[in-house]
Structure formats: C-alpha cells, structure tokens
**Q** 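Sharing a structure, written as structure tokens. Questions coming.
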Amino acid sequence: MIKLVLMDLDGTLTEDRDSTRIDLDAIYAIRLLQEKRIKVGLVSGNSYPILRGLYTYLYLDGGIVAENGCIVFYKEKYRLCKQMDKSLVIEFKSLFKLRDTWQNEYRECDFGFVPAKLTDEMINWAKEKNLYIKSSGYAVHIAYNAAGKSVGVEKLLQLQGLKKEDVAAIGDSSTDIELFQQVGFKVAVGNADDELKDIADYITSNKSGKGVREFVDKLLKGELDVLK
Ligand SMILES: O=C(O)COP(=O)(O)O
Ligand SMILES: [Mg+2]
C-alpha cells in the first residue's frame, strides 16, 4: 500500500515544463492524498530554503530532498554531498558561458546554471572531475559525487522506515531517473522526457500539474496496479 508520494517540483507540480507557476490541480491532489493520510514529500534540484518554504506552506510531512539529492530534511536537515568549491563554479561558468540561477546564493553542494542545455563538452568536463552533471530542463546542475536524487531519497526512506514498495514518485525530467530507482511505483507526467517515460509504470495523459491530479485520482480510486 502506498504510504508516501514523492513529487518533483519544476515541470511536475507546475502548469508546464517551462513554467514556475504551480498548478492548482496539483495542490488539490496533494490535499486529497493528505485526507487519506498518505504523506507527500518534495524531491527537487531546487535549493533547500525554497523547498522548505513550499513544504511548510503546503503543510507537507513526507520530507524533502533538495539540491538533486545533496540535502535531505525530515525532522532534521542532513547534507549528503561535499560542499561545492567556488573556484569550480567560476571555472564552469566561464568555460561554457553560463549564468548562475538565482538560487545559487542559497545552495551548498549542487549549483544550477542557465541556459539549461547540457552539451557533450560539459559532460566530458564533469567526467574528468568526477562531478554529477544533469539538466532538469530548467538548469544544468553540477555537484561532487556521489550526488543525484537517488542518494537523497535512499536517506529519506531510511529516516521514515519505509520500503520501496511503500513509495510512489512522479516526475518530468532525466534528473528524476535516479528518483525512480528508489521507489516502487514510478509515474511520468505526459510531457516528460522520453527517457523517463521509458522506465515509468504509468504515464499520465495530462501534462505536469494536471498529470499529478490525474495520477492521484486514479491512485485513490484503486485504478493503478501499484502492487506489481
Ligand atoms: O532545480 C531545477 O533545475 C529543477 O528542479 P526539479 O528537480 O524540481 O525539476
Ligand atoms: Mg522537474
């Protein structure tokens, strides 16, 4: 039985994948889960302060994984990755002519840059330095390994004493592939990256936030084969 639903933020709770406007249907879906005592958590590349604020005002209790797995919050805050070296941020930005995302001043380990297009040159640069590098479609992220949403979600489930089978997750981008590795039921929104859809147990017909509502409605009506 699903006890926790982990939700990505950008491109999933929002109205679309190029928006930061949270879909009202997604908020309503969260309320429906809470009424059934199913916990909801956030798993995102966004910074901890941003997610902690959203977590507080959406009145969630399923925990937070911020900075693509590097920061976890469940009753207490945990940092799981090495703090980013500022000289590396400067080198990456100047080498690939990138700009800081506005949240970088609030980050510790995983830093985001725009434009969000990930190139082979960037991947090779990161590989040489054993860095995590992925694009969420909103930003290109780098962090010291071991990083990625899987690292944070594994810790979050441990903290709550939950098994994979107890947990479902919904996401939109390649950064959610690692999220899917740690949960029992994997949902891709209708406008998700193909590589995420390829490993999903269910793909919503609706995009982003409306897809969250569609998933939750079907989950609560028992229309999804979550106990596979
Ligand atoms: O921070 C980003 O780049 C996007 O974050 P997400 O993991 O919520 O999609
Ligand atoms: Mg996303």
**Q** With clusters defined by side-chain heavy atoms of hydrophobic residues (ILVMFWY) lying less than 4.5 Å apart, directly or transitively, does L42 cluster with Y28?
**A**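 Yes, one cluster joins them.
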**Q** Answer yes if L162 and V151 sit in the same cluster of Ile, Leu, Val, Met, Phe, Trp and Tyr residues linked by side chain heavy atoms under 4.5 Å apart, and no otherwise.
**A**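 In one cluster with L162: V151, yes.
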**Q** In Å and rounded to the nearest 0.5 Å, what is the CG to CD1 distance from L33 to I2?
**A**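 Rounded to the nearest 0.5 Å, the CG-CD1 separation comes out at 10.5 Å.
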**Q** Might you confirm whether atom OH of Y106 has over 12 heavy atoms from other residues, nucleotides or ligands at distances under 6.0 Å?
**A**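 No.
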**Q** Quick one: which residue pairs count as a salt bridge (Lys or Arg N to Asp or Glu O under 4.0 Å) with a foot in residues 138-151, not counting sequence neighbours?
**A**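 For residues 138-151: D8-K149, K149-D176.
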**Q** Nearest 0.5 Å, please: how far is OG in S136 from NE2 in H141?
**A**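 One gets 4.0 Å once the value is rounded to the nearest 0.5 Å.
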**Q** side-chain contact (heavy atoms from CB on, under 4.5 Å) between E195 and I177: does it pass, once the steps are laid out?
**A** CA-CA 8 Å; E195 56 185 328; I177 292 172; 3.6 Å; yes
**Q** With side-chain contact (heavy atoms from CB on, under 4.5 Å) as the test, would you mind laying out the steps for L58 and I27 before giving the verdict?
**A** CA-CA 8 Å; L58 286 177; I27 295 178; 4.2 Å; yes
**Q** Excluding sequence neighbours, so at least two apart, what forms salt bridge (charged side-chain N to carboxylate O under 4.0 Å, His left out) with K97?
**A**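 Partners of K97 by the salt bridge (charged side-chain N to carboxylate O under 4.0 Å, His left out) criterion come out as none, since no residue qualifies.
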**Q** Tell me every residue that passes salt bridge (charged side-chain N to carboxylate O under 4.0 Å, His left out) with K82, counting only those two or more places apart in sequence or in another chain.
**A**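 Testing K82 for salt bridge (charged side-chain N to carboxylate O under 4.0 Å, His left out), a comparison that skips the adjacent residues, returns none.
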**Q** Are there over 12 heavy-atom neighbours, none belonging to K3, within less than 6.0 Å of that residue's NZ?
**A**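 No.
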**Q** For V114, which fellow cluster members are found when Ile, Leu, Val, Met, Phe, Trp and Tyr are connected by side-chain heavy-atom distances below 4.5 angstrom, either directly or through intermediates?
**A**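 Answer for V114: none, a lone residue.
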**Q** Would you say the side-chain atoms of R17 pair up with the backbone N or O of N191, donor to acceptor, closer than 3.5 Å?
**A**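 At least one qualifying donor-acceptor pair exists.
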**Q** Do other residues, nucleotides or ligands put more than 12 heavy atoms under 6.0 Å from K117 NZ?
**A**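 Count not over threshold, so no.
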**Q** So which heavy atom on A139 is nearest to which on A116, and how close?
**A**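 That closest heavy-atom pairing would be N-CB, 3.4 Å.
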**Q** Which value, rounded to the nearest 0.5 Å, describes the distance between I64 atom CD1 and I71 atom CD1?
**A**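 One gets 11.0 Å once the value is rounded to the nearest 0.5 Å.
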**Q** I'd like to check the side-chain contact (heavy atoms from CB on, under 4.5 Å) partners of K36; sequence neighbours left out, ordered by chain and number.
**A**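 With neighbours one apart ignored, the set is I38, L220.
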**Q** With side chains defined as the heavy atoms from C-beta onward, is the minimum distance between L51 and L9 less than 4.5 Å?
**A**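 Side-chain contact under 4.5 Å: yes.
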**Q** Rounded at 0.5 Å granularity, tell me how far OH in Y132 sits from SG in C81.
**A**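 Spacing of OH (Y132) from SG (C81) equals 9.5 Å.
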**Q** Only pairs at least two apart or in different chains count here, so list each salt bridge (Lys or Arg N to Asp or Glu O under 4.0 Å) that has a residue in residues 125-146.
**A**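 Salt bridge (Lys or Arg N to Asp or Glu O under 4.0 Å) check on residues 125-146 returns E91-K129, K134-E178.
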**Q** Without placing hydrogens or testing angles, list every side-chain donor-acceptor pair under 3.5 Å for residues 152-161, not counting sequence neighbours.
**A**
unit_1, atom_1, unit_2, atom_2, d
Q160, OE1, K39, NZ, 2.7
Q160, NE2, G62, O, 2.9

**Q** A side-chain contact here means heavy atoms from C-beta on lying under 4.5 Å apart; do V72 and L80 qualify?
**A**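 When only atoms from C-beta onward are counted, L80 and V72 do touch, with a gap below 4.5 Å.
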**Q** Any side chain to side chain donor-acceptor pair (under 3.5 Å) pairs touching residues 45-56, not counting sequence neighbours?
**A**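 Checked against side chain to side chain donor-acceptor pair (under 3.5 Å) - neighbours excluded - the pairs reaching residues 45-56 are D10-N46, S44-N46, N46-Q103, S47-Q103, Y48-R52.
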**Q** In the single-linkage hydrophobic clustering (I, L, V, M, F, W, Y; side-chain heavy atoms under 4.5 Å), do F185 and I30 co-cluster?
**A**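 Yes; I30 is reachable from F185 via cluster members.
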**Q** Group every Ile, Leu, Val, Met, Phe, Trp and Tyr by side-chain heavy-atom contacts under 4.5 Å, then state whether M7 and V226 land in the same group.
**A**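 M7 clusters together with V226.
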**Q** Nearest 0.5 Å, please: how far is OG in S174 from CG in L196?
**A**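 L196 atom CG to S174 atom OG measures 8.0 Å (nearest 0.5 Å).
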**Q** Please output the side-chain donor-acceptor pairs of residues 209-219 that fall under 3.5 Å, not counting sequence neighbours, one pair per line with the distance.
**A**
unit_1, atom_1, unit_2, atom_2, d
K210, NZ, D23, OD1, 3.0
K210, NZ, D23, OD2, 3.0
K210, NZ, D25, OD2, 3.1
R213, NE, D217, OD1, 3.2
R213, NE, D217, OD2, 3.2
R213, NH1, D25, OD1, 2.9
E214, OE1, S205, N, 3.0
E214, OE1, N206, N, 2.8
E214, OE1, N206, ND2, 2.7
E214, OE2, Y202, OH, 2.6
E214, OE2, S205, N, 2.9
E214, OE2, S205, OG, 3.2

**Q** Okay, side chain of T204, backbone of G190: is any donor-acceptor separation there less than 3.5 Å?
**A**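 Judged by distance alone, yes, a pair lies under 3.5 Å.
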**Q** Check the pair T14 / R21 against side-chain contact (heavy atoms from CB on, under 4.5 Å), numbers first and verdict last.
**A** CA-CA 5 Å; T14 52; R21 193 169 189 236; 5.9 Å; no
**Q** Which other residues belong to the hydrophobic cluster containing I133, where Ile, Leu, Val, Met, Phe, Trp and Tyr are joined when side-chain heavy atoms lie under 4.5 Å apart, directly or via other members?
**A**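 Its cluster mates, by chain and number, are M84, L88, V89, F92, L95, F96, L98, F111, F113, L118, M122, I123, W125, L131, V140, I142, Y144.
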**Q** Out of curiosity, L13 CG to I170 CD1, how far, rounded to the nearest 0.5 Å?
**A**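 Spacing of CG (L13) from CD1 (I170) equals 8.5 Å.
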**Q** Applying salt bridge (Lys or Arg N to Asp or Glu O under 4.0 Å), which residue pairs with at least one partner in residues 60-76 are found, sequence neighbours left out?
**A**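 For residues 60-76: none.
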**Q** Got a donor-acceptor contact below 3.5 angstrom from the N104 side chain to the D100 backbone?
**A**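 No, the answer is negative, given that no donor and acceptor are paired below the 3.5 Å cut-off.
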**Q** What residues form a disulfide (SG to SG under 2.5 Å) with C109, not counting sequence neighbours?
**A**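 For C109, no residue satisfies disulfide (SG to SG under 2.5 Å) once neighbours in sequence are set aside.
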